[in-house]
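Only one structure is covered here, and it is reproduced in the block below.
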Amino acid sequence: MTVPIATDQKSLFFRDRLMDWHRPEDRPLPWKENKDIYLIWLSEIMLQQTRTGQVTPYYKRFTGRFPVLESLATAEEEDVMHYWQGLGYYNRARNLHRAAKYIYFDLEGKFPSDYPSWLAIPGVGPYTAAAITSFALGLPHAVLDGNVFRLLSRYFGIFDPIDTGAGKKLFQQLADQLIDRNNPAQFNQAIMDFGATICKPQNPLCDICPLQSKCIAFIEGTIGQLPVKKRSVARKKLVLNYLHITDGEAFLLWRRPPGSIWPGLYELPSLPEDTEVNAHLKKEMGLIPTEVKKVTQLKHQLTHREITATFYRVQISDFKRLKKGDWILVKYKNFTKFAVHRLMKKYFHIFMD
DNA sequence: AACACGGGGAA
DNA sequence: TTCCCAGTGTT
């Protein structure tokens, strides 16, 4: 790690305020009570993707049964799994056990003493290696977990996705520059505590945040957008029904209102959910179709939505009885003048050749 | 780069 | 319900 310490004002302010904010006694947790590298290792494995409150009882039970490396290394796997039961991500326990045997028998009970060696231990990735080497050995490796990603992305206003190789590299460099080399352990503890208690995912406590005055996301009102993730979490499903109402020469378009998806873009009039086509046409538009045909169904992916759109072609003799409404009558030769979203484009591409 | 891997707290 | 948690290993 040959990254220079960041000396710009923003970074200095961040480091100073963070270290000043940190009160180790504020978040007392059982694994903070000592510097036993075995116990720190164990706690960090348990804490992977798992809340502190959920870990605490497991940690106590587990350390009661396996208080030192030897007890874990010489235990039966079934016994280990039993004490992990209910905590989830069970490969953690298997890797932990495998690693314990490796350290106890192959390394003669001597724990690795640097970052790369810890990284080679089963179940230990970049985060855990940094946590162990800083907490137990005082080495200046910055931890990068969900809390740190969130805090840094907001404070520095970074919109690069955190779930790509490039993004992780960027944030790791930044964190390694920020770390207080005089006290890496306290810095790592502080940055995670801060993220967990102040810069929370939802409803962060910006009003009492000591970093507020220089927090880009707070200043620019983008707290809710950060951190950015490329891979969207399971998309929300959305069902839409569109009506392609035409007399052969023209058809109807409608402009989406602001505050919805695709604000301001045009699309075919849509049929409200749980509404029958003919009834809707007559009641809302004053139209009586000569033919209604289900034409196609298209899937469309958005960042946070999976849309299933069904298209109905509605044939009418003329638009004379069309009620006044938000829709506009568009001649086929003119329809390219209207801005439409990609889903609509897909449909037009297929059915307006 | 994408995916599997668990269970639970909070909004 | 949805989000996300002191992430890592595999493909």
Side-chain angles (χ1 to χ4, degrees), chain A residues 18 22 24 26-32 39-59 81 83-99 115 118-136 141-154 160-169 171-172 175 179 184-205 223-238 301 303-306:
Chain A
L18 181 68
H22 186 52
D26 280 356
R27 266 185 117 205
L29 295 167
W31 45 88
K32 288 185 183 175
L39 295 177
I40 289 173
W41 169 45
L42 170 62
S43 68
E44 291 303 338
I45 299 297
M46 285 189 161
L47 286 161
Q48 288 167 3
Q49 290 290 288
T50 312
R51 287 167 201 283
T52 57
Q54 195 183 349
V55 165
T56 307
Y58 279 88
Y59 176 81
M81 297 309 291
Y83 279 82
W84 201 275
Q85 189 181 86
L87 193 55
Y89 281 144
Y90 298 96
N91 272 335
R92 291 184 296 175
R94 277 186 272 276
N95 284 332
L96 179 74
H97 189 216
R98 184 151 62 94
Y115 182 89
W118 268 108
L119 208 47
I121 298 293
V124 175
Y127 163 78
T128 308
I132 295 171
T133 54
S134 66
F135 293 148
H141 299 281
V143 291
L144 207 55
D145 71 345
N147 293 310
V148 180
F149 278 123
R150 191 170 57 248
L151 175 53
L152 294 184
S153 68
R154 287 174 176 170
D160 300 53
I162 64 171
D163 54 353
T164 65
K168 288 193 172 79
K169 190 176 170 186
F171 279 93
Q172 186 69 63
I179 196 170
Q186 251 189 58
F187 176 90
N188 279 342
Q189 200 59 251
I191 200 169
M192 289 193 288
D193 282 351
F194 195 94
T197 61
I198 305 289
C199 202
K200 300 185 294 178
Q202 279 99 31
N203 309 114
L205 309 182
I223 291 280
Q225 302 171 35
L226 293 169
V228 172
K229 290 180 183 174
K230 186 191 180 109
R231 208 177 82 67
S232 58
V233 215
R235 292 163 162 72
K236 212 171 166 179
K237 292 190 193 307
L238 182 63
Q301 299 284 339
T303 315
H304 54 295
R305 286 210 170 87
E306 179 184 299

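Chain A is the first sequence line, chain B the second, and so forth, proteins listed ahead of strands; every chain is numbered from 1. Model, not experiment: these values are computed from the prediction.
One can place CZ of A:Arg98 at 12 Å from C1' of C:dT10, the figure rounded to the nearest angstrom. Whole-Å rounding puts the A:Lys229 NZ to C:dG7 C1' distance at 12 Å. At whole-Å resolution of the value, CG in A:Asp145 and C1' in C:dC5 are 9 Å apart. Separating the CH2 atom of A:Trp41 from the P atom of C:dA6 is a distance of 22 Å, rounded to the nearest angstrom. To the nearest angstrom, C1' of C:dG7 lies 13 Å from CG of A:Asp163. Note: CG (A:Leu226) to P (C:dC3) measures 17 Å, nearest angstrom. Distance CG (A:Leu96) to C1' (C:dT8): 13 Å, rounded to an integer number of Å. Separating the CG atom of A:Leu119 from the P atom of C:dT8 is a distance of 8 Å, rounded to the nearest angstrom.
For A:Tyr58, the side-chain contact (heavy atoms from CB on, under 4.5 Å) test picks out A:Met46, A:Arg61, A:Leu87, with sequence neighbours left out. Judged as a ring pair (Phe, Tyr, Trp, His ring centres under 6.0 Å), and not counting sequence neighbours, A:Tyr89 has no contacts. Residues passing the side-chain hydrogen bond (donor to acceptor under 3.5 Å, both in side chains) test with A:Thr133: none are found, sequence neighbours excluded. Remark: A:Phe171 pairs with A:Phe149 by the ring pair (Phe, Tyr, Trp, His ring centres under 6.0 Å) rule, at least two apart or across chains. In this view, A:Asn91 and A:Arg94 satisfy the side-chain hydrogen bond (donor to acceptor under 3.5 Å, both in side chains) rule, not counting sequence neighbours. Listed by chain and number, the residues in a ring pair (Phe, Tyr, Trp, His ring centres under 6.0 Å) with A:Tyr115 are A:His141 (sequence neighbours excluded).
Within 4.0 Å of A:Leu29, counting heavy atoms only, lies at least one base atom of the nucleic acid. A:Trp84 comes within 4.0 angstrom of nothing in the nucleic acid, heavy atoms only. Counting non-hydrogen atoms under 4.0 angstrom, A:Lys168 reaches nothing in the nucleic acid. No engagement by A:Val148 is indicated, since no non-hydrogen atom pair under 4.0 Å with the nucleic acid exists. No engagement by A:Ser43 is indicated, since no non-hydrogen atom pair under 4.0 Å with the nucleic acid exists.
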query = Quick one: what's the B/S/- string for nucleotides 5-11 of chain B, heavy-atom cutoff under 4.0 Å, read 5' to 3'?
reply = BBBBB-S
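Within the structure, no pair that satisfies the salt bridge (Lys or Arg N to Asp or Glu O under 4.0 Å) test touches residues 40-59 of chain A, not counting sequence neighbours.
A heavy-atom distance below 4.0 Å to DNA chain B is reached by none of the residues of residues 185-198 of chain A.
Atom name P, nucleotides C:dT8 and B:dG8: the rounded distance is 22 Å, in whole Å. Taking atom C1' in both C:dA6 and B:dC3, the straight-line distance is 22 Å, to the nearest Å.
Comparing A:Gly123 and A:Arg150, the nucleotide of DNA chain C nearest to each residue sits closer to the 5' end for A:Arg150. Toward the 5' end of DNA chain C, the nearer of the two residues A:Lys32 and A:Asn95, judged by each one's closest nucleotide, is A:Lys32.
The heavy-atom pair separating A:Lys32 from A:Arg27 by the smallest distance is NZ-O, 2.8 Å. Across all non-hydrogen atoms, the minimal contact from A:Arg98 to A:Asn95 is NH2-OD1, 3.1 Å.
Side-chain N or O atoms of A:Asn188 include one that pairs as donor or acceptor with a backbone N or O of A:Val143 at under 3.5 Å.
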